[in-house]
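First up is the structure itself, then whatever we jot down about it.
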Protein chains: 2
Amino acid sequence: MRDVAERAQVSVASVSRVLNGLGVTSDATRQRVLDAVEDLRYVPHFGARSLSTSKNDTIGVILPDLFGEFFSELIRGMDLAARAHGKHLIVSSSHDGADDTLAAVRSMRGRVDGMIVLSPHLGAANLASEFAGRMPVLLMNGGTAEAGRAAIMIDNHGGAVGAVEHLIATGRRRIAHIRGAAGNIEADTRAAGYAAALDGHAPIIVEGDFSQASGHRAATQLLAMPERPDAVFAANDMMAVGALLAFQEAGVRCPEDIAVVGFDDVPIAALMRPALTTMRVNIAEIGRRGVERLIGLVQAGQHADAQDTACEIVRPILVERQSTAAASSARFNKG
Amino acid sequence: MRDVAERAQVSVASVSRVLNGLGVTSDATRQRVLDAVEDLRYVPHFGARSLSTSKNDTIGVILPDLFGEFFSELIRGMDLAARAHGKHLIVSSSHDGADDTLAAVRSMRGRVDGMIVLSPHLGAANLASEFAGRMPVLLMNGGTAEAGRAAIMIDNHGGAVGAVEHLIATGRRRIAHIRGAAGNIEADTRAAGYAAALDGHAPIIVEGDFSQASGHRAATQLLAMPERPDAVFAANDMMAVGALLAFQEAGVRCPEDIAVVGFDDVPIAALMRPALTTMRVNIAEIGRRGVERLIGLVQAGQHADAQDTACEIVRPILVERQSTAAASSARFNKG
DNA sequence: ATAGATGATGTAATCGGTTACATGACACAG
DNA sequence: CTGTGTCATGTAACCGATTACATCATCTAT
């Protein structure tokens with residue numbers, strides 16, 4: 001920068017003013033500075049700027065090991081919002097355990113203005129926000145709301161209830177649930193919603209881990225049961241897809257013999273045959289919203305202590321497709 | 001940091017030494033410093049460190065508007081490699097045009113040690129590397145190699161040839177191509193490979209844009225042709241999936257009436273029915289490799305000017321699935 | 001003609017670390 | 001007892017920007 005100032009025959013202060021558009025500068029000076037910047041291919045040093053202004057226009061995102069389309073949709077939404085506000089996004093993904101998540105939080109402290117932490121482990125989320133110290137953190141852990149913590153959460157319980165109620169409404173009675181890994185808050189909450197909505201029907205639960213392969217395995221277990229279920233609520237779409245494929249391989253028809261509902265509405269859900277009924281969550285929108293709110297927190301933190309500590313809840317919407325067509329009408333269509 | 005030094009009754013130099021593990025420190029001092037850090041919840045200021053050391057342990061990734069699974073796989077690989085080296089990843093995606101890409105490059109200069117630019121526009125890639133100045137840039141633009149530029153590229157031409165040759169080998173003769181948008185290097189190269197491999201068969205080309213919807217539209221066009229093709233090579237898997245769905249809706253059987261080959265081998269390819277034959281590219285591995293090489297470039301740039309300017313080429317592998325089962329055997333199986 | 005306002009620019013302190021070099025304590029050999 | 005080497009630690013310059021404040025020139029009003 002000194003070089004630029006020298007070449008433009010001005011002081012560093014003027015260069016700074018021109019580059020940031022602050023304060024007053026004459027057109028002649030401005031032009032000379034810009035020319036010098038051009039000639040010298042000058043690039044302001046980010047660290048130095050961050051040091052003087054104690055801001056860095058960067059927000060961190062810490063994600064668990066997410067599955068394909070959920071991940072990309074989320075990042076797309078976040079990236080869009082960040083770009084709109086001139087912020088950068090530091091992404092660190094594939095964090096499994098609480099320790100791992102914590103390490104990621106630590107390594108980002110001091111280099112971001114705020115963080116968004118998605119963690120399916122409640123403990124991790126708590127620790128993370130503790131460790132973050134005075135830096136704003138937005139939680140998207142799918143767990144229960146905590147007072148004083150900004151958060152965006154999916155109504156996993158309500159979504160599960162909606163899915164099961166839909167199955168009951170379309171005439172299903174023996175409704176099974178392929179759940180996510182125990183200890184994962186989202187998995188637990190969806191399982192609780194399933195149980196709550198059964199309305200007297202017997203619960204049939206098999207374990208999965210949100211992966212397509214686990215859905216396949218779980219479906220195979222269901223088929224081996226003496227009294228076969230006539231419907232399955234899978235805790236996410238990928239497991240539902242795995243289940244659909246297992247049913248196909250076993251010659252079990254969907255939706256005639258067994259109905260399937262997923263959760264998330266990833267793009268693949270609409271592409272399956274039969275197309276998958278699911279609880280839609282607008283993933284990109286959640287990502288966008290998360291970034292918007294975090295930026296709000298960052299700015300609020302600078303001005304006053306009026307913090308936004310609301311817990312926003314996103315309610316999934318039922319999207320009906322072929323996989324839960326009423327058995328009778330399915331037969332009719334099949335003609 | 002001054003506070004920490006004071007509390008630990010040492011100088012800032014000792015604090016720095018303890019925190020970075022450099023130089024010699026007595027155990028007693030180390031412990032007192034660590035305690036003070038703990039008590040004060042001290043977090044080193046990233047900008048300041050970056051200012052003194054002129055490094056920031058961050059690499060930037062600029063991506064075009066990628067489709068779901070390709071995107072997440074790529075990031076997964078990159079994130080893994082970056083974490084292994086203690087680097088952070090700044091991601092900026094969804095850049096369509098050359099201008100957009102360029103703006104992203106500009107906004108990252110000065111805050112990353114190096115960049116990976118994926119741009120389907122040759123011009124953009126060139127400009128990007130120019131604008132980056134002395135910062136290392138790894139190109140993954142799918143275009144032709146340029147001397148003196150580190151790059152990793154997919155052998156799009158060879159992959160397309162492989163796909164078409166496979167179709168010919170399985171007895172197909174009227175082979176159509178659903179290409180990506182004109183001006184996109186990958187689309188152009190794959191189309192060229194298609195044309196080169198036709199071996200005398202008449203070219204049948206319809207336009208797409210890599211989206212599933214465009215594949216669907218293109219397939220509809222193909223079906224409307226007086227002499228219907230008996231095979232389709234789609235420039236990527238998503239278009240192939242769109243085509244498969246269009247064929248299904250039209251009652252055209254795959255692979256019996258028409259065979260389909262895609263490109264990429266995204267996870268969904270194996271889940272479709274019929275499962276999609278495709279040219280596999282190990283996306284995560286490419287991402288990982290890209291980061292590894294960029295880090296190599298960054299380190300080399302610090303030590304000497306021995307730059308790694310190699311252009312690595314990744315060759316797609318044919319993965320045969322149902323969608324191109326030989327017509328005769330397909331009929332047989334169907335029996 | 002001169003005080004005072006206005007507007008452009010320069011000076012220098014500051015942000016929070018890193019690190020070359022200086023200093024001081026201590027042990028040991030001669 | 002003194003010279004020398006070793007090890008732990010402190011001092012202060014420096015990285016490259018921002019910005020409060022000082023300065024100076026020019027213009028206006030009286």
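Here is the naming used below: chain letters follow the sequence lines, and residue numbers restart at 1 for every chain.
- Put simply, NE2 on A:His45 is 7 Å from C1' on D:dC15, counting in whole angstrom units.
- Minimum atom distance to the side chain of A:Ala13 is reached by C:dT11, of the listed D:dT18, C:dT9, C:dT11.
- One interatomic measurement links the two molecules: CZ of B:Phe46 to P of D:dA17, which rounds to 15 Å at whole-angstrom precision.
- Computed from coordinates, the B:Met1 CE to D:dT11 P distance equals 13 Å when rounded to whole Å.
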Audit row: B:Glu285, B:Arg289, salt bridge (charged side-chain N to carboxylate O under 4.0 Å, His left out) steps and yes/no: CA-CA 6 Å; B:Glu285 170 60 18; B:Arg289 182 77 189 126; 5.9 Å; no

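- For the pair B:Ser14 and D:dG10, the criterion of a side-chain N or O lying under 4.0 Å from OP1 or OP2 is met.
- Put simply, the side chain of B:Arg32 gets close to the backbone of B:Ala8: a donor and an acceptor are under 3.5 Å apart.
- Taking the side chain of A:Ala48 as heavy atoms from C-beta on, and the options C:dG17, D:dG16, D:dT19, the nearest nucleotide is D:dG16.
- Each of B:Leu63, B:Thr101, B:Val61 was evaluated against B:Leu118; a single residue qualifies, B:Leu63, per the side-chain contact (heavy atoms from CB on, under 4.5 Å) test.
- Distance from the side chain of A:Val12 is smallest to C:dA12 among D:dA17, C:dA12, C:dG16.
- OP1 or OP2 of D:dT9 sits under 4.0 Å from a side-chain N or O of B:Ser26.
- Atom P of nucleotide D:dA8 and atom CZ of B:Arg30 are separated by 9 Å, given to the nearest angstrom.
- Contact between the side-chain N/O atoms of B:Ser52 and the OP1/OP2 oxygens of C:dT18 is not found at any separation under 4.0 Å.
- As rounded to whole Å, 10 Å separates atom C1' of D:dA17 from atom CG of A:Leu19.
- Rounded to an integer number of Å, the gap from CZ of A:Arg2 to C1' of C:dA12 is 12 Å.
- Judged by distance alone, the side chain of B:Asp79 and the main-chain N or O of B:Ile75 form no donor-acceptor pair under 3.5 Å.
- Residue B:Val15 is out of contact with every strand shown, counting any heavy-atom pair closer than 4.0 Å.
- Rounded to a whole Å, the CZ atom of B:Arg111 is 14 Å from the P atom of D:dA17.
- Closest to the side chain of B:Leu22, out of C:dA8, C:dT19, C:dT18, is C:dT19.
- Side chain of B:Arg111 to main chain of A:Phe46: no donor-acceptor pair is present (N/O by atom type, distance under 3.5 Å, no hydrogens or angles).
- The side chain of B:Arg17 lies closest to D:dG10 when the candidates are D:dG10, C:dT19, C:dG17.
- Comparing C:dG10, C:dT19, D:dA8 by their closest approach to the side chain of B:Ser16 singles out C:dT19.
- Taking atom CD on B:Glu6 and atom C1' on D:dT11, their separation rounds to 16 Å, with Å as the unit.
- The side chain of A:Leu51 lies closest to C:dG16 when the candidates are C:dG16, C:dT19, D:dT9.
- Note on A:Thr25: only backbone sugar-phosphate atoms sit closer than 4.0 angstrom, heavy atoms only; bases stay farther off.
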